[in-house]
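Worksheet: the structure to be examined is printed underneath.
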Amino acid sequence: MRYDPTVVEAKWQARWEADRLYDAPDGDPRPKFYLLTMYPYPSGDLHVGHWYPMAPSDAVARYKRRRGYNVMFPIGFDAFGLPAENAAIERGIHPYRWTMDNIARMRRQLRSMGAMWDWSREVVTCDPEYYTWNQWFFLRMYDRGLAYRTLSPVDWCPKDNTTLAREQVVGDGRVCERCGTPVVKKNLEQWFLKITAYADELLDFSTIEWPERVRTLQTNWIGRSEGVEFAIPVKDRSEISFRVFTTRPDTVYGMTFCVLAPEHPLVDVLTSPDRRKDVEAYKFKAARESDIERLSTERERDGVFIGSYATNSMSGDAAPIFIADYVLLTYGTGAIQGVPAHDTRDFDFARKYRLPCPVVVAPPGWDGRPLREAYLEDGTMVNSGPFNGLSSDEGRRRIADDMVARGVGQRKIHYRLHDWLISRQRYWGTPIPIIYCDACGTVPVPYDDLPVVLPMDAEFRPTGQSPLKYHKAFLNVPCPKCGGAARRETDTMDTFIDSSWYQYRYLSHHYAEGPFDRTKAAYWLPVDQYTGGVEHAVMHLLYTRFWTKVMRDIGLVDFGEPMMRLFNQGTILGTDGIKMSKSKGNVVNPDEVVQKYGADVLRMYLMFIGPWNEGGPWNTRGIEGSSRFLSRVWTLVTEPAKPGDVQAPDVLRPRDLEYWTHHTIRRVTEDMEGFRFNTAIAALMEFANVLQRAKATPIAGSPMWGHALQSLVLLLAPLCPHVAEELWVEHLRQPYSVHVQPWPVFDPQKAAAEKITLVLQVNGRVRDRVEVEAGITEAQAREIALANARVRQYLDGKTVADVIIVPGRLVNVVLR
RNA sequence: GCGGGCGUAGCCGAACUGGUAUAGGCGCCAGACUUAGGAUCUGGUCGGCGCAAGCCGGUGGGGGUUCGAGUCCCUCCGCCCGCACCA
């Protein structure tokens, strides 16, 4: 009888579901293991790229359960977002309808995977039951001053008609992450969350095991730099000064000019009448130029003198003030000291405008001549008045102290990280619970009035304005304070808010007294293992850390990191080696694969392709291999052995079979622990091949044979749950379910080979291989090597200088 | 430009802390069973020379350390991913 996946898979999925086999009971006496995989966005149809993170995660969940953990493996849907609204505008389908239809389809597709998700905990973020807590969190942050509104230049996507978070602007061309349209700047009143208040804490990864890669990305993204911010007075205008930030206070004596960002507020004040025309022209040019051109490193730095001078606050020398677009208003103070000798950009600028370039930090062995390029390293301070002779390091401290003492500056830390802009001028998201009253100003919606429900009867028109702006019943509300006429905030929240805390909602998804039931938190939290793509390194994965720290500070949880371990899987590519996407036409539909081969074959194939963290191209032929393997296992277990039919040349002894069984248990166990599914499967293939060859020999009837087959099925179960269950229950006649059986254990003695291949080398070159007892001593190994005929051929007339013995592996005879 | 990762058969990949390079799979070749097979099973499969035993070469190129290097160090080349004038 051949294996028929459609019948078998449907049968067991129904049985597992009926038995609620995968429910994770709260407060179970077993140790808990919270395994979380990133919830999907319900874009419509799944492709195998969606299975790629899920199938191995499920294998981990199943493995951990078999190791005695009470495993929670929840799933849900990231249901708010732009595509739903675009579908509404383009095709006249309500975003809710579109989203829910997609979710229904994806649920069916996900269920066909046969994963052990606890569907009873499912979370859908567009449900008011969920997003009311987004609003609640927002108000709690507002109360603590962590949510604020300000007029701010924001990145704006002209196609999607919406603002974008800094992180959603990507690539060389600074384009919209979603649609690829070049982003422009626009000034709007926007809501922000003060993630920068946690910048330092977010740099600390000491309590979590996250990949180096993600830690580096987040660290660079936060971009902490330590230095001094100090005032530079304007010459002959003693009432005016501007502030600059530097990480190199040891170089201040070398300042020969200053640069303000073209948009700096003091530019108009400090521009002299004779320079006004040039300055205005430059400002116009800078404003018109796209960010791509402005930020290009290739481009020559230029600027314009504005007709005023600054006074070097240490040396008292006069320094011309320029505007130049290489200085950004958004970083530091929007103004810098120009120190050409010790900064590459300043060096180029000074050369172009023939400004002096005095050396103030001497390189070791400096001959006193002008520098050919900026010297960026530390050195000995020169031309720096009373600070001459100090090391850069010492100088930085002393000059900072001096500035602080004189009240002109203070030590300061700047971050590249900006506060999190959460306002979206869109309908399909969580309404921001704020009311604007002419009399009372900005008034938060009272907690008792939550949720602010997104009205379902909004009109969708391609105006670029949020439909909420036209919705009278939503827009016009009495002020909660004075009762007078007021208007609701019509912006909705960034959907990254939803995903910042969804892991907590899984604990108690209908809980109405708070975002989650705290009596369950002590048992389940935090997440033990998170799996998902590295593309979320600086967005979701930073936001959820921030969110958890805020939750800790408002007393909701007693820890500061949401996920203890993180694993980033790679990306599955199309057969053409390009990332799968509908537009490229290289997507593989899992439904078709499941129909043809079964879910188990697809799962096995995805895990067998290669290391999980590397991803790789889909290979239509490769899946045949997985299919063949499972068929072989099927016939191996289901068709009765006919021992003695064939005269096999090398008959396995019981001890050999025992070795293979225990050796395989060991390999698979170690590989599962390390998420190395490809090699775990390779080990199982080898084992199955050994059993296949031994099946026609007398050993196939022995008690060891039964143990071997059972072990094979027990080890396969996390990887191909349906086949394993069918074989376990129906053919090996073992008690249901294989998925609650303890993980097989190996005996290290039995897992060790009796005989080993000893490699004999002469001067590092392999000359012979001999089978020896595994336990031989070094002296015996040496003796065997020196007595070996092939080795002796090379000894002729030479002296043995050394014999290197690697126990259990090789002997290397070194000749002189 | 800076930072990180990677480069092993025809292809995907294995090789623990330096110790048999190429496990497992795909593909290919041969054989068995068959009316037939793109089904299944068995065997082979890095290259060169050789009837063979065997010898030599071989992990992107070059150099080094070592008894021994895919693995460590230097250097160059190629590919991928971040960040991109961050003061």
Side-chain angles (χ1 to χ4, degrees), chain A residues 2 170-172 174 212-214 216-217 219-221 223-225 227 229 244-248 251 259 261 294-299 301 324-328 330-339 342-346 348-349 414-417 534-535 537-538 571 604-605 608-611 613-614 616-626 628-629 631-632 635 646 667 670 674 676 678-689 692-693 696 756-769 790 793 801-816:
Chain A
R2 282 193 49 108
V170 296
D172 287 350
R174 291 182 50 79
E212 168 84 38
R213 172 119 187 264
V214 173
T216 307
L217 283 169
T219 303
N220 293 342
W221 188 260
R224 182 183 200 272
S225 51
E229 193 180 297
V244 298
F245 175 70
T246 181
T247 55
R248 293 292 304 273
T251 65
V259 184
R294 180 164 168 182
L295 292 174
S296 166
T297 326
E298 311 303 316
R299 193 164 146 263
R301 272 172 262 287
D325 60 12
Y326 80 88
V327 173
L328 310 172
T330 49
Y331 187 80
T333 59
I336 61 155
Q337 57 163 352
V339 183
H342 306 293
D343 183 285
T344 315
R345 295 150 300 171
D346 297 347
D348 294 346
F349 194 81
H414 274 281
Y415 300 94
R416 213 180 73 98
L417 179 74
V534 74
E535 66 273 15
V538 290
T571 312
M604 291 292 270
Y605 173 65
F608 187 61
I609 283 179
N613 58 355
E614 286 176 25
W618 178 266
N619 184 330
T620 315
R621 279 269 172 67
I623 195 157
E624 300 276 357
S626 296
R628 272 203 284 268
F629 170 59
S631 299
R632 281 158 65 101
T635 46
V646 172
R667 287 175 68 186
E670 288 171 359
R676 292 182 297 268
N678 58 328
T679 48
I681 293 169
L684 287 162
M685 285 174 167
E686 274 186 81
F687 187 40
N689 289 344
Q692 172 90 4
R693 280 191 285 272
I756 53 143
T757 306
L758 188 69
V759 173
L760 305 182
Q761 295 184 336
V762 177
N763 285 337
R765 307 184 72 97
V766 179
R767 293 307 177 188
D768 204 0
R769 299 178 168 96
R790 297 236 176 87
Q793 285 176 12
D802 199 3
V803 179
I804 286 155
I805 298 161
V806 181
R809 288 194 177 272
L810 61 76
V811 179
N812 185 12
V813 180
V814 184
L815 302 179
R816 197 165 26 226

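It should be emphasised that the depicted structure is a prediction, and the values quoted were computed from it without experimental measurement. Below, chains carry the letters A, B, ... as their sequence lines are ordered, and counting in each starts from 1.
Within the shown strands, G31(B) is the pairing partner of C41(B) under the Watson-Crick or G-U definition, both distances less than 3.5 Å. Base pairing annotation: C46(B) forms a Watson-Crick or G-U wobble pair with G57(B), both donor-acceptor distances under 3.5 Å. In this entry G68(B) has no Watson-Crick or G-U wobble partner, no candidate having both defining distances under 3.5 Å. The partner of G82(B) is C2(B), by the rule that a Watson-Crick or G-U pair needs both atom distances under 3.5 Å.
With rounding to whole Å, D802(A) atom CG is found 12 Å from U66(B) atom C1'. For E670(A) and U17(B), the CD to P distance is 12 Å, given to the nearest whole Å. Atoms CD (E614(A)) and P (G4(B)) sit 19 Å apart, rounded to a whole Å.
Between R767(A) and the phosphate of G54(B), there is no side-chain N or O to OP1/OP2 separation shorter than 4.0 Å. The shortest distance between the side-chain N/O atoms of R790(A) and the OP1/OP2 oxygens of G54(B) is below 4.0 Å.
With the nearest nucleotide of RNA chain B identified for both Q761(A) and P611(A), P611(A) has the one nearer the 5' end. Taking for each of R628(A) and I804(A) the nucleotide of RNA chain B with the nearest heavy atom, the 5'-most of the two is the partner of R628(A).
In the set C67(B), A84(B), A87(B), A84(B) carries the atom at the smallest distance from any side-chain atom of R416(A). Picking from G57(B), A23(B), C67(B) the nucleotide with the shortest atom distance to the side chain of R765(A) gives G57(B). Residue N689(A) places its side chain closer to G24(B) than to any other of G24(B), A87(B), G19(B). Of all nucleotides listed (G13(B), G24(B), C12(B)), C12(B) comes nearest to the side chain of I609(A).
Looking at heavy-atom distances under 4.0 Å, L217(A) makes contact with sugar-phosphate atoms alone, never a base.
C73(B) and C80(B): their P atoms are spaced 25 Å apart (whole Å).
Contact annotation: the side chain of I681(A) never approaches that of Y605(A) to less than 4.5 Å [non-hydrogen atoms, C-beta and beyond].
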